[in-house]
Every structure is written in structure tokens, then in C-alpha cells.
*Asks:* 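So that we are looking at the same thing, I have put the structure below in C-alpha cells.
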Protein chains: 4
Amino acid sequence: MRKKFKKKNTIILSALKLFSKKGFYNTTISEISNNMGVSVGNIYNYFPSKKSLAKASIKFVTEKLAAELRYINNGDMSQKEKIRQFVSVYFVFIQKNPEMIEYFFRVYLSNRELFCDEEDCGFSLAKEFIDEIERLITTGVEYGEFKERDFYVAFSLITGILGAMTFLNGENVLEENLNIYTDEVANTIYKALSC
Amino acid sequence: MRKKFKKKNTIILSALKLFSKKGFYNTTISEISNNMGVSVGNIYNYFPSKKSLAKASIKFVTEKLAAELRYINNGDMSQKEKIRQFVSVYFVFIQKNPEMIEYFFRVYLSNRELFCDEEDCGFSLAKEFIDEIERLITTGVEYGEFKERDFYVAFSLITGILGAMTFLNGENVLEENLNIYTDEVANTIYKALSC
Amino acid sequence: MRKKFKKKNTIILSALKLFSKKGFYNTTISEISNNMGVSVGNIYNYFPSKKSLAKASIKFVTEKLAAELRYINNGDMSQKEKIRQFVSVYFVFIQKNPEMIEYFFRVYLSNRELFCDEEDCGFSLAKEFIDEIERLITTGVEYGEFKERDFYVAFSLITGILGAMTFLNGENVLEENLNIYTDEVANTIYKALSC
Amino acid sequence: MRKKFKKKNTIILSALKLFSKKGFYNTTISEISNNMGVSVGNIYNYFPSKKSLAKASIKFVTEKLAAELRYINNGDMSQKEKIRQFVSVYFVFIQKNPEMIEYFFRVYLSNRELFCDEEDCGFSLAKEFIDEIERLITTGVEYGEFKERDFYVAFSLITGILGAMTFLNGENVLEENLNIYTDEVANTIYKALSC
DNA sequence: CATGAATGAGTGTTCATTCAT
DNA sequence: GATGAATGAACACTCATTCAT
């Protein structure tokens, strides 16, 4: 079973690399299988369809990212410090796992049709990640460190600025290494949220 | 010639509607042609390929959006007021032309491969829109109303929060009408940017 | 429209030839299209699926066969003579259109799954043919020429013996030309049915 | 060896059930193996190919059916009585082993390609069954009970009417239990064959 | 300009068969 | 013998693009 699990992850990583680079519709199963030295048919022993592979991939990514954020949220520090660490960890993550973040933005957020079931058409696959953002915000409000404001605006502020920076970085627009921006981004977020 | 121009726009609008709803790769030329009561072949009299239609569409959208923002930028008021109007106009635009904004986010930002030529792989198609954002920021800094800070961070702040709100709205996550959020979003942006 | 109809029939005839010779599952769409000098894709302009082509084919066959039998049924003669003509016409039909009859037996009768819709899983596609057999029997009973007996037994007698002869002929088991058997088969049926 | 034989039969029975229900081409080896709790690979220890399994299955079926008919043929009674018993035994067999008869009709008779070798493309696999039908007919002729007539016509009469009844029964067209029809079918056959 | 039938390369998926364990 | 992961050829179907009318 361990082995089966390992193999699934290997397939996901291969898919992630290609999906993020070329997009879902421009990546063929046969490319994914070639890329990892496995036959086409064998992929179907682990995932029943290309779509299901895309779903498993986003699950994989968000869990990984959420784990890092969860660790920070559980820590004992001011919200200001938490935000700084959030941004820092996120920027490091982007650089270590660019294909995961690219996948999140370019495939997950843009191809609704792939991740919608009849019942569940939403963010459930990214829930773990979203939950951590939510915790960060609500804790800050509870502690009186953040001004009480509409949740969606606060949520959009944080994810929006991080997303946009990710995007600029992915497009090679930024002139410097992402890390350089950590403090400024963190301060901007904090200033906007604080009382 | 006038007529030719009109027809091109009609095709673009039909494409825009379908591309934004179903994505580029899930929309067929034949759907676009059916949707507007024109033959498949005739579309190729106006656009040499599906890709070129996608490019023309994004040009169409960004010009429309940029025009509105340019008007505000040209106005004579404080940056604070400009930001409020920016947000307001943008939110109205989303609601009046959801397919244009959806197209911008779901097709343009997510399908690099469609908008990259050999020489030019960037934002040139959205340049007009980006330029207005830039003007808003640099003018604010010049007038001493905004703190001097890295341009990319400021740019990400504005476009990020607006983008994220757009996204939440598109997913029907927001409980209220978008307009409700105008002031809070504008204030958040202003607070983050100001000295 | 006439043209479209003609083309549909050409496709059906090509399909009929191959389906009957090699079976449904051993015939590829590409073989059907090659066989008639048309591209694969074009077949799909006329039939939405391989299955639907199989359905249209059986309709085509049964209508053709039923037309011949109907003509006899409408004639003014004894049932004995009608049966003789039935058998005769049927045997001629087999020899002129072997692929149609082969299709009927080898594909239609043996591949339930192809011809079953959710609602209608039966012989509706062959109804016209069955109806003529039924008319022959019931008229004979009404005229007192046939003994009254269970309908299904009479039906099985007629279609069974003809089917079995068809089968032996198709397998090249028969030593003589089918026509030779006309009288003997007709007499056998008549004897079994008559009072 | 005994054990090997048993296992082969178990596999055949599993195959028979699925082939008859879904057809040869819609049944996968893996379904057959699941159905009997054995691994895919192991089936190949007993049968070298799917095709060979289909052949072994038809052998199995015809031997079983032939055995019953042989017993009757060996009995000491009039041909009329033999025919009645033939029909009766056959109808009982259908009801007890529907999958065997379905297999005979839907797979064996309709998929020539499966049962044709280079040398032998015929009924050799069903020979035992056919032989008993032949014996019934020729004995009847010898005893002067049946009119001398072409063998193939007589053969088609018997197998045709039984086959057609089988078919109607399989399609749930018959309104009554098959047994009800025994006498009428037997009489019809006898009447047609007798002097 | 307009039409829509025709093309054919390309893709996801299946499944009989093999073989290392 | 028994297992089931791995293979890869094959097939139904799609769709951007062309072109004769």
C-alpha cells in the first residue's frame, strides 16, 4: 500500500510539472507518462481519468501549502509577526515549488469545469489553505490587533496581493528576487488590516 | 470598412461570451458561429485563427476598461478620491460586463501560451490597462500622498485585491452585492498606500 | 437535403458491408470511411456515433425487407401461395443483399446492447418486418386456412426455419443454391401451419 | 490434474455467465477474474487467450446439451415421442441454464471470427449437438415415420423453431412460461416432418 | 462575402497479455 | 501456482481549418 501511495505521488508530481508549464488542455496523458518513464495505461491504474488526476494534484498542493501556514498559525506571536512569516514562508514556497503555485493559479483557479462536481463546485479542494487564511484574520480581530472589517475584503487583500506578486514573479517581471519584497508586502498587508 | 469593423466586433462579443463561460479550450469555433448566426467559414474571413480571435478579444476588453480608468486619472481630485472612483467604476464594470472581466481573468491571465508570440510574450495586450494603474500610483507618490515604496508591491496590492474580489464575486461566494464593498475596499487600498 | 440523404445512405451501405462481414466490434469507423473514400470526421457529420450508425443501418435493412413482404401481403392469393412467395422473395433477397441479412442476424439479433435505449429495448427497429409476418399469420387464421394456434409458435416456425436456412447458407453448408429449397421450405411451413 | 480440470470449469462458468450477459467484446478478462475471485494472470495459466476461453466455453455447452439429447435418441420410442421429449428437455435446459443457451446463440452463432481457425471454420465445436439432431431426423426417415425430404430443410425446421422460441423467451416477449409451449411446438415440428 | 461539408491529425481511454515477485 | 502492476497498440470521437460552390 505504501508503494501504491508512493507511485500515486510520483504521478501527481509529473502531472503537476506539465500541467503548470503547459496548462491542463495542452498536456497529454502520454506526455505525463513519458515524463516519468511509465506507460500510458499504467497511469489509469492509479487515476481513473485525466480530470481526477487534476483534482488529486490540487489536493496535494493545497495540503502541502496549508501545512506550512498551519504551523505558523499555531505559533505564539503577534499577528504582525505571523503575517511576516506567512509572507516569508509563502515566497519561499513559490521558489522551491514553483510548479505547485503555478498549478494553483493557472489550472485550479482558471478551470472551474475541471473541479466542479454536481454537488460541490467550489473551493472544497483548497479548503485547508483557505481555512488557515481565515484563522489568521479572525484571530487578529479577536485580539484587537486588526480592525473589524468585512471578512471578504480582508481575505481578498491577503490572497490578492500574494497572488499578484506570484503572478509578476511567474512572468519574470520582477527585477529582484522575491525574498526582497517580503517585508514590504508584509507591512503593506499589516498596515491595511490594523486598527 | 465600417461594416467590416462592426462584424469583427460582433464576432469578438460572441467569442467573449463563450470563452469566458466555458474557457478557451472548451469553446469551439462552431459554437461561436452558431451563437451569432454566422457560418464557421465566415469567421475565418475576419480572423485567421482561433488564437487570433482570443488576442483580439483581450485587446477589446482592456481598451474598454482602460478607457474608463483613464477618464478618472485625468480628473482633478485627490488620490484618495481617485482610488474610490477606480474601485467603484471597476465594480460597476464587472457587473455590467461580467464576461469581459471573466475573460480577462480566466483566459488571458491563465493561458500564457495563447498570447505569447515569439518576440512578445507579455502584457503588451493589456498595456493600456496596466498603464492607468501605474499612473495612479506614481502620481500619488509624486504628490506626496502615497508613501514611496516598491512599485510592484503597490501594483500588486491594487490589482490583487480587486482581482480577488472579482473572483469571489464570480464564484458567488459574496453574500452581498459588489457595490456594498466599494468603500471598504477603497479605504483598505488607500490606507495601505498612504504615508 | 436530397444530397444529405443520399450521403447518409452511402455511409449506411459501407457500414453494412463491413459490420456484416466482420461484426460491429471488429469494424472501425476508419475502415468504414476508407471503404467509401471519405474522411473519418465526415462520417460524424451524418451520424453522431458508431452506435447510431448501427441503428440507422438496421432500420434501413428492415424497411427494405418489409417493403417486399408487404407487397406480397397486399396481394390477392391464397395463403399457401403467399407463403411460397414469401420464401421465394426472402431467398432472393438473401442472395442479392447478403450483407443486409447477415447484418440482421449477426449484428442486430446478437448485440442487444447496441439497440437498447433506456425506454425502448426491443424490436421496434424491426417492427415493420415483424408486422408483415404477423399479418401473414393472422390473415391465414382468419380465412380458416391456418389452424388456430399460439401466435408465438407460428411466428417462430416461420422466422426460425428461414433464419436457420439463412444461417446454413451463410456458412456455405448448403450444397445447392438457395432457390432450390424454396418449394420444400414453403411446403414445410404451410403443412405445419395448415389445419 | 483433477484439480486443474475443476478450476478450468470454474473459469468457464464465470466466463459463460458474463459472455452471455454482455457479449464477448464487452466482457473483460478482468471482469471474469473478479467475478470468480481469481487474479487476471491466473486465468492465463489455464487458457492461453480470451479466444481460447470462448472456444472452451462453447465446447462445454454443446457437450452438456448433446448429452441430454443423446439420451433421448438412445431411447426406445416413436419419433413423435422423441420429438416431444427433445423439445421438453430443451426447454427445461433453457430455463435451468439460460446463460449456456444465450451463449450459444449470442456468442457462438454470431461471432464467427472467434471460432474459426485457419483449417476449421465451422460447426466442429457444436458437432456433438448437431449430430443428435441429425440422428433424430435420419432415424425417423428410415423408420418411414418422416417423409423423405432434404436434410437441411428438416434440420432448419427443428433448430429454427427452437432457436426462435429461445430468442423470444430471452427477450421476455413470451407471455407464458416456456413449458406451456412444449406440446404445440412438438406437434408443429412433427406435423411438418411427418408423411 | 457567405456557407458548411470535408479533412485528418490528435487525444483520452481501454484492455488483452506479460512477467517479476 | 497465484498475483496484479505494467505495457502499448488500438479505437471512438473532436475540432481547427480549408475550400468548392
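Keep in mind that what you see is a predicted model, and the values were worked out from it rather than measured. Convention: sequence-line order gives letters A, B, ...; per-chain numbering from 1.
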*Asks:* Please work out if B/T27 contacts a base, only the sugar-phosphate, or nothing of the nucleic acid, heavy-atom cut-off 4.0 Å.
*Replies:*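 Here B/T27 touches the backbone only, sparing every base.
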*Asks:* Under the salt bridge (Lys or Arg N to Asp or Glu O under 4.0 Å) definition, can you give me all pairs with a residue in residues 23-34 of chain D, not counting sequence neighbours?
*Replies:*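 The answer is D/K22-D/E31.
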*Asks:* What is the distance, rounded to the nearest whole Å, between atom CD1 of C/I43 and atom P of E/dG4?
*Replies:*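 Answer to the nearest Å: 22 Å.
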*Asks:* Please report the distance separating the C1' of E/dC1 from the corresponding atom of F/dT21, rounded so that it comes out in whole Å.
*Replies:*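 So the two C1' atoms sit 13 Å from each other.
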*Asks:* Any donor and acceptor pair, going by atom type alone, linking the side chain of C/T27 with main-chain N or O of C/L18 inside 3.5 Å?
*Replies:*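 Yes; at least one donor-acceptor contact below 3.5 Å.
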*Asks:* Could you check how far NZ of A/K3 sits from P of F/dG4, rounded to whole Å?
*Replies:*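 That distance rounds to 13 Å.
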*Asks:* Measure all distances between protein nitrogen or oxygen atoms and nitrogen or oxygen atoms of nucleotides 17-20 of chain F, and list the pairs falling under 3.5 Å.
*Replies:*
residue, atom, partner, partner atom, Å
F/dT17, OP2, B/Y44, OH, 3.0
F/dT17, OP2, B/K50, N, 2.9

*Asks:* Cation over ring, C/K55 on C/F115, under 6.0 Å and within 45°?
*Replies:*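 C/K55 over C/F115 ring: no.
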*Asks:* State the CD1-NZ distance between A/I11 and A/K7, to the nearest 0.5 angstrom.
*Replies:*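 Rounded to the nearest 0.5 Å, the CD1-NZ separation comes to 6.5 Å.
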*Asks:* Looking at D/K7, I'd like to know whether one of its side-chain N or O atoms comes within less than 4.0 Å of OP1 or OP2 on F/dG1.
*Replies:*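 No, no such contact exists.
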*Asks:* Counting the benzene-type ring for Trp, do A/F129 and A/F104 have ring centres under 6.0 Å apart?
*Replies:*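 Yes.
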*Asks:* Looking at C/R112 and D/E102, is there a salt bridge between them, counting it only when a charged N and a carboxylate O are closer than 4.0 Å?
*Replies:*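 Salt bridge: yes.
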*Asks:* Measure the distance from CZ on C/F5 to P on E/dA5 and round it to the nearest whole Å.
*Replies:*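 Answer to the nearest Å: 17 Å.
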*Asks:* How far does CE of B/M100 sit from CD1 of B/I58, to the nearest 0.5 angstrom?
*Replies:*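 Here the interatomic distance stands at 10.5 Å.
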*Asks:* Taking CD1 from C/I32 and C1' from E/dT7, how many angstroms apart are they, rounded to a whole number?
*Replies:*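 Checked: the CD1 to C1' distance equals 18 Å.
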*Asks:* List DNA chain E stems (3 or more consecutive Watson-Crick/G-U pairs, under 3.5 Å)?
*Replies:*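 As far as DNA chain E goes, consecutive pairing (with distances under 3.5 Å) yields the stems E:2-21 with F:2-21.
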*Asks:* Say you draw a straight line from CD1 of B/I29 to CG of B/L53; how long is it, rounded to the nearest 0.5 Å?
*Replies:*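 The distance works out to 6.0 Å.
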*Asks:* Would you kindly give the CG-to-P distance between D/N26 and E/dC15, to the nearest whole Å?
*Replies:*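 Distance check: D/N26 CG to E/dC15 P gives 8 Å.
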*Asks:* Within the supplied structure, the quantity of interest is the number of heavy atoms (other residues, nucleotides, ligands) at a distance under 6.0 Å from B/K17 NZ; does it exceed 12?
*Replies:*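 Open.
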*Asks:* Within this structure, what is the CD-to-C1' distance between A/E31 and E/dT13, rounded to whole angstrom?
*Replies:*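 Nearest whole value for this atom pair: 16 Å.
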*Asks:* Could you tell me how far apart D/F19 (CZ) and E/dC15 (C1') are, to the nearest whole angstrom?
*Replies:*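 Result: 13 Å.
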*Asks:* Between A/N45 and C/N45, which has a closest nucleotide on DNA chain F that is more 5'?
*Replies:*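 Final value for this comparison: A/N45.
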*Asks:* Closer to the 5' end of DNA chain E via nearest nucleotide, is it C/V38 or D/Y25?
*Replies:*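 Whichever sits nearer the 5' end wins; that is C/V38.
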*Asks:* Figure out the NZ/P separation between D/K6 and F/dG1, and round it to whole Å.
*Replies:*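 The distance from NZ of D/K6 to P of F/dG1 comes to 17 Å, rounded to the nearest Å.
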*Asks:* Closer than 4.0 Å, any side-chain N/O of C/Y46 to the OP1 or OP2 of E/dA6?
*Replies:*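 Result: yes.
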